[in-house]
Chemist: 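Take this structure, written in C-alpha cells, and hold onto it; I'll ask about it next.
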Number of protein chains: 2
Amino acid sequence: MRVPLAAAAQVFKSLGHPARLRMVQALAKGECCVCELHALVGGDLSTTSKHLAVLVQAGVLSGEKRANKVFYRLRTPCVTDIIACLAAPRCARTGQR
Amino acid sequence: MRVPLAAAAQVFKSLGHPARLRMVQALAKGECCVCELHALVGGDLSTTSKHLAVLVQAGVLSGEKRANKVFYRLRTPCVTDIIACLAAPRCARTGQR
DNA sequence: TGGCTATTTGGCAGAATAGCCAAATAGATG
DNA sequence: CATCTATTTGGCTATTCTGCCAAATAGCCA
C-alpha cells in the first residue's frame with residue numbers, strides 16, 4: 001500500500017456521513033457552489049460548510065472562490081468510481097455486490 | 001442510486017478507521033480468524049472484536065464460527081476494489097488520483 | 001461608505017465512538 | 001466435570017462528531 005493507511009481511512013471517514021456522501025455524489029457531475037450543496041442537504045448552512053471542510057481536509061474536494069461564491073469540486077476521480085461502485089446494485093466491475 | 005445513501009455512508013464510515021481498514025485489507029487476501037486480525041492491529045482483543053462487529057453491521061464482513069474460532073471474510077468484492085483504488089498511488093482505472 | 005449576499009468561524013450541548021478492563025460465553029480437551 | 005483457548009459483552013471514561021446559533025469575514029453593488 002503506497003498511500004498511508006491513515007490517509008485512506010480519513011477519506012473513508014469523510015465519506016461516512018449521508019450529507020457528505022450526497023454532496024460528493026452531486027459534485028461527481030460537476031462543481032457546485034456552497035448554496036447549491038446546501039439546498040441539496042438542508043440543515044443549517046454552517047453545518048454544510050463544516051461538512052465541506054471535512055471533505056477538503058480529507059483531500060476529497062477542493063474549493064475555489066469566485067466573486068462572492070465558493071465552488072467546490074472533486075479532487076480525485078477515484079472517489080467517483082468508489083461511489084459508483086457502492087451505489088450500483090451490483091459492482092460495475094465484478095457484477096457482484 | 002439504488003443502494004440507500006445511508007447504507008453506503010455506513011459502509012464508508014466502517015472503513016474510516018485505520019485498524020478496521022487494515023483488517024479489511026488483510027481479509028481481501030482471504031479469510032482470517034479474530035486472533036490473526038488481532039495480531040495485525042494490536043490493542044485489546046475486545047477492541048478488535050468490536051471493530052469487527054462494526055464491519056459486520058455495515059455489511060462489509062461476515063463471520064463464521066468453526067470449532068472455537070471465528071473466521072471473518074469480506075462479503076463484497078466491491079470493497080476490495082475500493083481499497084485497491086485508494087491504496088494505489090494512481091487509480092487503477094483512470095490512472096489519476 | 002453602507003448594505004447585501006455568500007460563506008466561514010467560534011462556541012456550545014448532546015450523541016456517538018474508541019479503547020481499556022473485567023466478566024461472560026462457547027467449544028475443545030484432559 | 002475442570003480447565004483451557006477463543007471470542008464477545010457490559011461497563012466506564014475520554015475523545016470526537018453533529019448540528020444549531022450567533023457573530024465574523026469577504027466580495028459585490030448602489
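Every chain is numbered from 1 and lettered A, B, ... according to where its sequence line falls, protein lines coming before strand lines. Note that these values count all heavy atoms, side chains included, but never hydrogens, waters or copies made by symmetry.
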Chemist: Which nucleotide in the set dT8(D), dT7(C), dG10(D) lies at the smallest distance from any side-chain heavy atom of Val70(B)?
Modeler: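 Of all the options, the side chain of Val70(B) is nearest to dT8(D).
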Chemist: Name the nucleic acid region contacted by Arg66(B), choosing base, sugar-phosphate or nothing; use a 4.0 angstrom heavy-atom cut-off, strictly under.
Modeler: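 No contact.
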Chemist: Find the distance Lys50(A):NZ to dA24(D):P and express it as a whole number of Å.
Modeler: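 Value for this atom pair: 15 Å.
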Chemist: Using Watson-Crick or G-U wobble geometry with both distances below 3.5 Å, tell me the partner of dC29(D), or none.
Modeler: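 Paired with dG2(C).
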Chemist: Looking only at the side chain of Arg20(A) (C-beta and beyond, no hydrogens), which of the listed nucleotides dC21(D), dT18(D), dT8(D) gets closest?
Modeler: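 Nearest listed nucleotide: dT18(D).
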Chemist: Is Lys65(A) touching bases, backbone alone, or none of the nucleic acid, heavy atoms closer than 4.0 Å?
Modeler: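 Contact class for Lys65(A): sugar-phosphate only.
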Chemist: Nearest-Å distance, CE (Met23(B)) to P (dA18(C))?
Modeler: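 Computing the Met23(B):CE to dA18(C):P distance gives 11 Å.
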Chemist: Just the rounded figure in Å: distance from P of dT9(D) to CG of Asp44(B).
Modeler: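 Value for this atom pair: 15 Å.
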Chemist: Does Thr47(B) put a side-chain nitrogen or oxygen below 4.0 Å from OP1 or OP2 of dG19(C)?
Modeler: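 Result: no.
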Chemist: Does dT7(C) pair with anything, Watson-Crick or G-U wobble, both distances under 3.5 Å, and if so, with which nucleotide?
Modeler: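 The answer is dA24(D), by the H-bond criterion.
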Chemist: Quickly work out the Glu36(B) CD to dT5(D) P distance and round it to whole Å.
Modeler: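 That distance rounds to 18 Å.
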Chemist: Tell me which of Ser46(A) and Leu52(B) sits closer to the 5' end of DNA chain D, going by the nucleotide each one is nearest to.
Modeler: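 Its nearest nucleotide being more 5', the pick is Leu52(B).
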Chemist: Would you kindly give the CG-to-C1' distance between Leu15(B) and dT17(C), to the nearest whole Å?
Modeler: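 The answer, rounded to whole Å, is 16 Å.
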Chemist: Under a 3.5 Å distance rule, please check whether Arg75(B) uses its side chain to pair with a backbone N or O of Ser62(B) as donor and acceptor.
Modeler: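 No: the side chain of Arg75(B) does not pair with the backbone of Ser62(B).
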Chemist: Using the ring of each side chain (for Trp, its six-membered ring), is Phe12(A) parallel, tilted or perpendicular to Phe12(B), with breaks at 30° and 60°?
Modeler: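 Parallel, since the angle between the ring planes stays under 30°.
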Chemist: If you define the side chain from C-beta out and look only at heavy atoms, does anything of Leu37(B) sit under 4.5 Å from Leu27(B)?
Modeler: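 Yes, at least one pair of side-chain atoms sits under 4.5 Å.
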Chemist: Check the distance between dT7(C)'s C1' and His38(A)'s NE2 and give it to me in whole angstrom.
Modeler: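 Distance, rounded to whole Å: 11 Å.
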Chemist: Please report, rounded to the nearest Å, how far the P atom of dT18(D) is from the CD atom of Gln57(A).
Modeler: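 The answer, rounded to whole Å, is 14 Å.
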Chemist: Set out, in order, the CA-CA distance, both residues' side-chain angles and the distance that settles side-chain contact (heavy atoms from CB on, under 4.5 Å) for Leu45(B) and Val34(B), then state yes or no.
Modeler: CA-CA 9 Å; Leu45(B) 179 56; Val34(B) 178; 4.0 Å; yes
Chemist: Using a cut-off of less than 4.0 Å, is there contact between a side-chain N or O of Lys69(B) and OP1 or OP2 of dA26(C)?
Modeler: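 Result: no.
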Chemist: Which nucleotide in the list dC28(D), dG19(C), dT9(C) gets nearest to the side chain of Ala67(A)?
Modeler: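 The answer is dC28(D), which lies nearest to the side chain.
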Chemist: Does Lys13(A) have a side-chain nitrogen or oxygen under 4.0 Å from the phosphate oxygens OP1 or OP2 of dT16(D)?
Modeler: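 So the side chain of Lys13(A) is outside the cut-off, no N or O lying under 4.0 Å from OP1 or OP2 of dT16(D).
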Chemist: Below 4.5 Å, heavy atoms only, C-beta onward: do Lys69(B) and Cys35(B) meet side chain to side chain?
Modeler: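 Side chain of Lys69(B) against side chain of Cys35(B), heavy atoms only: contact under 4.5 Å found.
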Chemist: CZ of Arg22(A) versus P of dT18(D): gap in Å, rounded?
Modeler: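 Those two atoms, CZ and P, are 15 Å apart.
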Chemist: At 4.0 Å (heavy atoms only), tell me whether His17(A) reaches a base, stays on the sugar-phosphate, or touches nothing.
Modeler: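 His17(A): backbone/sugar contact only, no base atoms under 4.0 Å.
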Chemist: Below 4.0 angstrom from OP1 or OP2 of dC17(D), is there any side-chain N or O of His51(A)?
Modeler: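 No, because none of the side-chain N or O atoms of His51(A) sits under 4.0 Å from OP1 or OP2 of dC17(D).
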Chemist: Counting the atoms with a prime plus P, OP1 and OP2 as sugar-phosphate, which does Leu45(A) contact under 4.0 Å by heavy atoms, base, sugar-phosphate, or nothing?
Modeler: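 The answer is base, as Leu45(A) lies within the cut-off (heavy atoms under 4.0 Å) of a base atom.
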Chemist: Locate the shortest heavy-atom distance separating Leu21(B) from Ala9(A); write the atom from each residue and the value.
Modeler: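 It is CD2-N, 3.5 Å.
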Chemist: Does Tyr72(B) make a side-chain N or O approach to OP1 or OP2 of dA6(D) shorter than 4.0 Å?
Modeler: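 It does not, given that no N or O in the side chain of Tyr72(B) lies less than 4.0 Å from OP1 or OP2 of dA6(D).
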Chemist: Considering only side-chain heavy atoms of Cys35(A), which listed nucleotide, dG19(D), dT9(D), dT7(C), is closest?
Modeler: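 Closest of the options to the side chain of Cys35(A): dT7(C).
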